[in-house]
Amino acid sequence: MLTIALSKGRILEQTLPLLKKAGLEIAAEELNSRKLILDTNLDDVKVVIIRGTDVPVFVQHGAADMGITGKDVLLEHGANGLFEMLDLGIAKCRLMVAAKSENYQQGNILKVATKYVKSAKKYFEQKGQPCEIIKLYGAMELAPVVGLSHCIVDIVDTGNTLKANGLIPLDHIEDISSRLVINSASFKTKNAAIKSWVNAIEKNL
Ligand code: PRT
Ligand code: MG
């Protein structure tokens with residue numbers, strides 16, 4: 001039995017066609033049901049559809065053998081207990097610094113609002129910029145507008161969300177896309193099955 005953890009939301013929409021091309025299908029009735037563990041067209045493969053941030057947690061602890069989630073999420077989680085096997089090239093975006101203007105810093109300590117605490121810390125540390133990270137869970141764009149922070153670190157795609165809130169994208173931190181991750185123990189114990197899925201997915205990218 002193989003369990004695959006998928007991120008719900010925008011990543012899922014782009015994941016299902018990839019899996020279908022690799023030979024794995026989830027019936028619409030399953031997807032639309034309230035079940036948390038979904039059956040697939042294959043008796044020995046089950047799927048769980050969860051928050052993207054929970055995917056590396058399930059995979060790290062072996063509750064899922066494989067998973068698909070954003071690189072932004074993986075950078076925050078760290079690589080403990082899992083391998084990043086494939087860049088799926090879906091749900092592409094950029095992790096960026098954004099602010100009201102280029103001269104966003106006031107004082108010696110930069111106030112940064114973000115949900116990407118680890119990535120933001122690492123980025124400003126490497127620049128030698130002392131900063132205070134203010135952890136938010138959403139609506140980061142609001143923070144500089146209401147004076148909560150000097151800048152934000154957030155995902156940017158079209159840039160429309162920043163623009164709508166009077167912010168401009170400034171520094172590029174990382175290119176983001178969704179990745180296939182594998183539980184490190186499963187990679188040994190279920191090696192043949194996992195390898196054949198990785199190959200089937202990769203072949204059809
Ligand atoms: O919203 P919730 O907390 O429930 O879940 P989620 O936000 O984790 O799920 P979802 O469906 O939004 O998917 C998030 C994942 O998709 C991220 O982890 C990224 O890997 C990837 N991704 C790709 C994006 C975007 N593009 C994206 N544009 N995630 C978020 N956004 C948001 C961004 O946070 C900002 O608010 O879209 C806005 C910016 O978009 P533009 O086009 O206006 O620049
Ligand atoms: Mg979202």
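Side chains included, hydrogens not; waters and symmetry mates left out as well; all remaining heavy atoms used. This chain uses plain numbering: 1 for the first residue, then up along the sequence. Here the structure is a predicted model, which means the values were calculated and not measured.
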(message) Could you check whether any side-chain N or O of Asn41 sits under 3.5 Å from a backbone N or O of Gly23, counting only pairs where one atom can act as donor and the other as acceptor?
(response) yes

(message) Test side-chain hydrogen bond (donor to acceptor under 3.5 Å, both in side chains) on Ser101 and Asn103; report intermediate values, then the result.
(response) CA-CA 5 Å; Ser101 76; Asn103 308 311; 5.0 Å; no

(message) Cation-pi check for Tyr137 against Lys135: NZ or CZ below 6.0 Å from the six-membered ring centre and within 45 degrees of the axis, yes or no?
(response) yes

(request) Supply the atom-to-atom distance Leu75 CG to Lys118 NZ, rounded to the nearest 0.5 angstrom. (result) 8.5 Å

(message) To the nearest 0.5 Å, what is the distance between NZ on Lys100 and CG on Leu162?
(response) 14.0 Å

(message) For residues Val181 and Phe187: do they belong to one hydrophobic cluster (side chain heavy atoms under 4.5 Å, members Ile, Leu, Val, Met, Phe, Trp, Tyr)?
(response) no

(message) For Asp175, give me all partners under salt bridge (charged side-chain N to carboxylate O under 4.0 Å, His left out), at least two apart in sequence or on another chain.
(response) none

(message) For the CG atom on Asp44, are there more than 12 heavy atoms of other groups (residues, nucleotides or ligands in this structure) within a distance under 6.0 Å?
(response) yes

(request) Without swapping roles, check the side chain of Glu125 against the backbone of Gly128 for a donor-acceptor pair under 3.5 Å. (result) no

(message) Here's a test for you: under side-chain contact (heavy atoms from CB on, under 4.5 Å), which of Leu2, Ile4, Leu24 qualifies with Thr40?
(response) Leu24

(message) Any non-hydrogen side-chain atom of Lys127 less than 4.5 Å from a side-chain atom of Asp171?
(response) yes

(message) Is there a path of hydrophobic side-chain contacts, each under 4.5 Å between heavy atoms, that joins Val117 and Leu110?
(response) yes

(message) When you compare the side chain of Asp72 with that of Tyr116, does any pair of heavy atoms fall below 4.5 Å?
(response) yes

(request) Please report the C-alpha distance between Leu136 and Lys115 in whole Å, then the side-chain angles of each, then the deciding distance to 0.1 Å, and finally whether the side-chain contact (heavy atoms from CB on, under 4.5 Å) criterion is met. (result) CA-CA 5 Å; Leu136 293 178; Lys115 70 172 170 187; 5.7 Å; no

Which atom pairs, one a donor and one an acceptor, fall under 3.5 Å between side chains of residues 80-90 and the rest of the protein, sequence neighbours left out?
unit_1 : atom_1 : unit_2 : atom_2 : d
Glu84  : OE1    : Lys71  : NZ     : 2.8
Glu84  : OE2    : Arg179 : NH1    : 2.8
Asp87  : OD1    : Gly89  : N      : 2.9
Asp87  : OD1    : Ser177 : OG     : 2.7
Asp87  : OD2    : Ser177 : OG     : 3.4

(message) If hydrophobic clusters are built from ILVMFWY residues whose side chains come within less than 4.5 Å, do Leu12 and Leu18 share one?
(response) yes

May I have the list of side-chain donor-acceptor pairs in residues 50-70 shorter than 3.5 Å, sequence neighbours left out?
unit_1 : atom_1 : unit_2 : atom_2 : d
Gln60  : OE1    : His77  : NE2    : 2.9
Asp65  : OD1    : Ser186 : OG     : 2.7
Asp65  : OD1    : Lys190 : NZ     : 3.1
Asp65  : OD2    : Thr3   : N      : 2.8
Asp65  : OD2    : Lys190 : NZ     : 3.2
Thr69  : OG1    : Ser7   : OG     : 3.4
Thr69  : OG1    : Gly52  : O      : 2.9

(message) With a 4.5 Å cut-off on side-chain heavy atoms, are Leu19 and Val47 touching?
(response) no

(request) Measure the spacing between CG of Asp39 and CD1 of Ile26 and express it to the nearest 0.5 Å. (result) 10.0 Å

(request) Using a 4.5 Å cut-off on heavy atoms from C-beta on, say whether the side chain of Cys93 contacts that of Val156. (result) no

(request) Please report the C-alpha distance between Ile176 and Ile155 in whole Å, then the side-chain angles of each, then the deciding distance to 0.1 Å, and finally whether the side-chain contact (heavy atoms from CB on, under 4.5 Å) criterion is met. (result) CA-CA 8 Å; Ile176 304 295; Ile155 295 292; 4.1 Å; yes

(message) Would you compute the distance between atom NZ of Lys188 and atom CD1 of Ile182 and round it to the nearest 0.5 angstrom?
(response) 13.5 Å

(message) I need the full list of side chain to side chain donor-acceptor pair (under 3.5 Å) pairs touching residues 139-157, with sequence neighbours left out, sorted by first then second residue.
(response) none

(request) Using distance alone, with no hydrogens and no angle criterion, decide if Ser119 and Glu76 have a side-chain donor and acceptor under 3.5 Å apart. (result) yes

(request) Output the distance between atom NE2 (His172) and atom CD (Glu174), rounded to the nearest 0.5 Å. (result) 7.5 Å

(message) Is any side-chain heavy atom of Cys151 closer than 4.5 Å to one of Phe124?
(response) yes

(message) For the SG atom of Cys131 and the NZ atom of Lys111, what is their distance to the nearest 0.5 Å?
(response) 12.5 Å

(message) Same cluster or not: Val112 versus Ile109, using hydrophobic residues (I, L, V, M, F, W, Y) connected whenever any side-chain heavy atoms lie under 4.5 Å apart?
(response) no

(message) Show me the pairs that pass side chain to side chain donor-acceptor pair (under 3.5 Å) and involve residues 196-205, at least two apart or across chains.
(response) none

(message) Starting from Leu6, can I reach Ile194 by hopping between I/L/V/M/F/W/Y residues whose side chains sit under 4.5 Å apart?
(response) yes

(message) Under the criterion side-chain contact (heavy atoms from CB on, under 4.5 Å), I'd like the reasoning laid out for Tyr104 against Leu170: C-alpha separation, chi angles, the key distance, then a yes or no.
(response) CA-CA 10 Å; Tyr104 54 85; Leu170 293 166; 3.4 Å; yes

(message) Set out, in order, the CA-CA distance, both residues' side-chain angles and the distance that settles side-chain contact (heavy atoms from CB on, under 4.5 Å) for Ile134 and Thr114, then state yes or no.
(response) CA-CA 6 Å; Ile134 300 163; Thr114 189; over 6 Å; no

(request) Would you list the pairs meeting side chain to side chain donor-acceptor pair (under 3.5 Å) in which at least one residue belongs to residues 12-33, sequence neighbours left out? (result) Glu30-Lys35

(request) Assess whether atom NZ of Lys46 is packed by more than 12 heavy atoms of other residues, nucleotides or ligands within 6.0 Å. (result) yes

